[in-house]
Amino acid sequence: MASRKQKSKPVNRQSVRHQSHSHPLRVFKAKEDDENVCSGCELELIGQAFKCTKSECDYLLHKSCFDLPGETNHKSHQDHPLTLLYSPPDDESLYTCDACDQYGSGFTYHCSVCKYNLHVGCASLPEAIEREDHEHPLTLLYCTPCKGREDTSYICSACEETVLEDLWVYCCRECDYGTHVYACAAYEDQESDEEEGEEEEEEGEAITSPASRIKSLMKAQDEMAAMQLEARIMNDANEAALDLWDQPKRRYYW
């Protein structure tokens, strides 16, 4: 008599809930080759993270985004606390970050009184960084040093582009040198590529520099802006076609 194979029991993976998503999430380890993007900060997802248990849902979160506090007091906006929102405020599809002037569609730290928004990545930028091409450390300022001065503009020392006076910059307190956060992101990312093994893993979670995360954010936002522009062009073309169709047709009589 043939023996029956015992069916293996399904593996019960522990799931957790997060207020930003309606489905349960499970822990998983994201690999760089997977090219996943966090649904919270919209940056590349590497290391320990959370994934939706539904196979048809691609919702993903960094562990750090999962653990973000619901409210924070940030030095850039001392009048009011900032509340963590899981989608753009006022039922919009996008918001503009007041730190870097770039779009976002995921999590944001928001002040409803002042209509102030920060990417969660910008909110966690370090207060000081070092660049090998400059002898002094750079300090994060929440506006350019020339804010309020007439006929004066602030030029990024790395890319030589003008920086709007209300945007954040990394500035040297010893000399006339400063960069916007994008320039520091590009520089630090290049340095990390040249030096293998610079990134470390702690408790299974990959750690990347805040500047590298900003660069990843810029790439994602550029792609998003391109998609928004393409959708707008298609919508304008459709409306133009409808207007042409609705115009009264001229009749000719012989």
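Start at 1 with the first residue, then count along the sequence. Atom set for the values below is all heavy atoms of this structure, side chains included, hydrogens, waters and symmetry mates excluded.
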* Test item: Ser157 side-chain N/O and Gly178 main-chain N/O as donor-acceptor pair under 3.5 Å -> yes
* Asked: What is the distance from atom CD1 of Ile155 to atom SG of Cys146, rounded to the nearest 0.5 Å?
  -> 8.5 Å
* Nearest-0.5 Å distance, CD of residue Glu44 to SG of residue Cys38 -> 11.5 Å
* Asked: Is there a donor-acceptor pair under 3.5 Å between the side chain of Glu165 and the backbone N or O of Gly148?
  -> yes
* Asked: Does atom CD of Glu35 have more than 12 heavy-atom neighbours, drawn from other residues, nucleotides or ligands, at distances under 6.0 Å?
  -> no
* **Expected output: side-chain Glu42 to main-chain Ser105 donor-acceptor under 3.5 Å** => yes
* Using a 4.5 Å cut-off on heavy atoms from C-beta on, say whether the side chain of Tyr154 contacts that of Thr162. => no
* Between Ser39 and Leu60, is there a donor-acceptor pair closer than 3.5 Å when you use the side chain of the first and the backbone of the second? -> yes
* To do: Indicate yes or no for a side-chain donor-acceptor contact from His62 to the backbone of Ser64 under 3.5 Å, with no hydrogens or angles considered.
  => no
* Asked: Do you know which two heavy atoms are closest between Ala99 and Leu118, and how far apart they sit?
  -> CB-CD2, 3.7 Å
* Heavy-atom side-chain proximity of Val120 to Leu68 below 4.5 angstrom -> yes
* Is Glu127 salt-bridged to Lys75, going by a charged N under 4.0 Å from an acidic O? -> yes
* Structure fact -> Only one of Tyr95, Phe107, Tyr103 passes side chain to side chain contact (heavy atoms under 4.5 Å, CB included) with His119, and that residue is Tyr95
* **Nearest heavy atoms of Leu85 and Pro89, plus distance in Å** => CD1-CB, 3.8 Å
* Can Leu82 and Asn73 be said to form a side chain to side chain contact (heavy atoms under 4.5 Å, CB included), step by step? -> CA-CA 6 Å; Leu82 302 179; Asn73 294 299; over 6 Å; no
* Report yes if some heavy atom in the side chain of Tyr177 is under 4.5 Å from a heavy atom in the side chain of His136; otherwise report no. => no
* **Thr179 side chain near Arg131 side chain, heavy-atom distance below 4.5 Å** => yes
* So Trp168 and Tyr142, would you call those rings parallel, tilted or perpendicular, with 30° and 60° as cut-offs? -> perpendicular
* Crowding at CG, Asp58 (>12 non-hydrogen neighbours, <6.0 Å) -> no
* Asked: Between Leu61 and Ala49, which heavy-atom pair has the shortest distance, and what is it?
  -> O-CB, 3.1 Å
* Asked: Which word best sums up how the rings of His18 and Phe66 line up, parallel for under 30°, tilted for 30 to 60°, or perpendicular for over 60°?
  -> tilted
* When rounded to the nearest 0.5 angstrom, what is the spacing between SG in Cys100 and CG in Leu125? -> 8.5 Å
* Counting only heavy atoms not in Asp67, do more than 12 fall under 6.0 Å of its CG? -> yes
* Structure fact -> In short, Thr144 meets Leu164 closest at the heavy-atom pair CG2-O, 3.4 Å
* **Residue from His80, His110, His77 passing ring-ring contact (aromatic ring centres under 6.0 Å, His included) with Tyr116** => His77
* Asked: Do Tyr109 and Leu140 share a hydrophobic cluster, counting only Ile, Leu, Val, Met, Phe, Trp and Tyr and linking them when any side-chain heavy atoms are less than 4.5 Å apart?
  -> yes
* Structure fact -> Taking every heavy atom of Cys171 against every heavy atom of Pro145, the minimum-distance pair comes out as SG-CG, 3.8 Å
* Under 3.5 Å side-chain donor-acceptor pair for Ser20 and Tyr59 -> yes
* Asked: Taking the side chain from Arg17 and the backbone from Ser22, do they hold a donor-acceptor pair closer than 3.5 Å?
  -> yes
* To do: Please confirm whether the backbone N or O of Cys97 pairs with a side-chain atom of Asn117, one donor and one acceptor, at under 3.5 Å?
  => no
* Asked: For the side chain of Gln48 and the backbone of Lys29, is there at least one donor-acceptor N/O pair under 3.5 Å apart?
  -> no
* Least distance between heavy atoms, Lys115 atom then Asp98 atom -> O-OD2, 3.9 Å
* Asked: Do Val16 and Leu45 share a hydrophobic cluster, counting only Ile, Leu, Val, Met, Phe, Trp and Tyr and linking them when any side-chain heavy atoms are less than 4.5 Å apart?
  -> no
* To do: Show your reasoning for whether side chain to side chain contact (heavy atoms under 4.5 Å, CB included) applies to Ile129 and Tyr170.
  => CA-CA 8 Å; Ile129 63 170; Tyr170 278 109; 3.9 Å; yes
* Using the side chain to side chain contact (heavy atoms under 4.5 Å, CB included) rule, take Gln102 and Cys122 through it: C-alpha gap first, then chi angles, then the decisive distance, then the call. => CA-CA 11 Å; Gln102 299 294 311; Cys122 289; over 6 Å; no
* Asked: CG of Leu84 to CD of Glu71: how many Å apart, nearest 0.5 Å?
  -> 10.5 Å
* Interatomic spacing from CD in Glu161 to SG in Cys156 - rounded to 0.5 Å -> 7.5 Å
* **Full working for side chain to side chain contact (heavy atoms under 4.5 Å, CB included) between Leu25 and Lys51** => CA-CA 5 Å; Leu25 307 175; Lys51 181 178 184 179; over 6 Å; no
